[in-house]
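Just so you know, these numbers use all the heavy atoms, side chains as well, and skip hydrogens, waters and symmetry mates. In this chain, numbering begins with 1 at the start of the sequence shown.
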Amino acid sequence: MIAKSLLQKPRMLIFDNPFIGLDVETRQDMEEVFVYLKEQGIQMLFIVADARDIPSCSTHLLHLEQCKPIYAGDITKYTV
């Protein structure tokens, strides 16, 4: 699905829980894909249920609880 989407030369891709069902090795492979996409200038939005599932290439974070924003900003400044 990602390859098919890339053929359309998107400016942004949205990933909903991109690591669900993947083993550790495949998760690492996907991390590399996300880094590559970022280097190509493609913006990505990741929707995750657990902060541990945020890809390492992420720069900003919007944390919601019960549909209300708890934090929005630089991911490096976020503390749980």
Side-chain angles (χ1 to χ4, degrees):
M1 289 178 66
I2 295 171
K4 184 177 179 181
S5 296
L6 290 174
L7 292 174
Q8 298 175 15
K9 300 186 190 277
R11 292 187 301 155
M12 175 182 249
L13 292 171
I14 300 171
F15 295 93
D16 186 4
N17 290 304
F19 297 126
I20 283 194
L22 301 181
D23 59 36
V24 174
E25 186 176 312
T26 306
R27 287 175 66 107
Q28 291 170 344
D29 292 342
M30 285 305 299
E31 282 276 0
E32 291 176 20
V33 168
F34 295 146
V35 169
Y36 174 79
L37 294 175
K38 180 180 176 184
E39 290 170 351
Q40 299 307 305
I42 297 174
Q43 293 183 357
M44 294 171 284
L45 174 67
F46 299 101
I47 302 167
V48 298
D50 189 317
R52 294 175 292 192
D53 291 331
I54 299 171
S56 62
C57 65
S58 300
T59 59
H60 290 76
L61 175 75
L62 173 61
H63 180 174
L64 301 173
E65 284 188 14
Q66 297 180 353
C67 296
K68 295 185 181 172
I70 304 299
Y71 175 83
D74 187 327
I75 198 166
T76 62
K77 297 178 181 175
Y78 178 73
T79 57
V80 179

Partners meeting side-chain hydrogen bond (donor to acceptor under 3.5 Å, both in side chains) with [X] (sequence neighbours left out):
X     : result
Asp23 : Thr26
Asn17 : none
His63 : Glu65, Tyr78
Arg52 : Asp50

Discussion item. Quick check: is Tyr71 connected to Ile54 through a chain of hydrophobic side chains (ILVMFWY, heavy atoms under 4.5 Å apart)?
Written reply: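 Yes: a chain of side-chain contacts under 4.5 Å links Ile54 to Tyr71.
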Practice prompt. Decide whether Ile2 and Phe19 are clustered together by the hydrophobic rule: side chain heavy atoms of Ile, Leu, Val, Met, Phe, Trp, Tyr closer than 4.5 Å, transitively.
Written response: yes
Please tabulate, one pair per line, all N/O donor-acceptor pairs under 3.5 Å involving side-chain atoms of residues 31-46, not counting sequence neighbours.
{"unit_1": "Glu31", "atom_1": "OE1", "unit_2": "Ser56", "atom_2": "N", "d": "3.0"}
{"unit_1": "Glu31", "atom_1": "OE1", "unit_2": "Ser56", "atom_2": "OG", "d": "2.7"}
{"unit_1": "Glu31", "atom_1": "OE2", "unit_2": "Ser56", "atom_2": "N", "d": "3.4"}
{"unit_1": "Lys38", "atom_1": "NZ", "unit_2": "Cys57", "atom_2": "O", "d": "3.1"}

Practice prompt. Please name the pair of heavy atoms, one in Ile75 and one in Ser58, separated by the smallest distance, quoted to 0.1 Å.
Written response: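 Closest heavy-atom pair between Ile75 and Ser58: CG2-O, 3.4 Å.
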Worksheet item: Closest approach of Ser5 and Pro10, non-hydrogen atoms and distance?
Response: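 The answer is O-CD, 3.3 Å.
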Worksheet item: Taking side chain as C-beta onward, heavy atoms only, is Ile20 less than 4.5 Å from Asp53?
Response: no
Worksheet item: Out of curiosity, Leu6 CG to Met1 CE, how far, rounded to the nearest 0.5 Å?
Response: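 Leu6 atom CG to Met1 atom CE measures 12.0 Å (nearest 0.5 Å).
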Worksheet item: Residues sharing Leu64's hydrophobic cluster, by side-chain heavy-atom contacts under 4.5 Å among ILVMFWY, directly or via others?
Response: Leu62
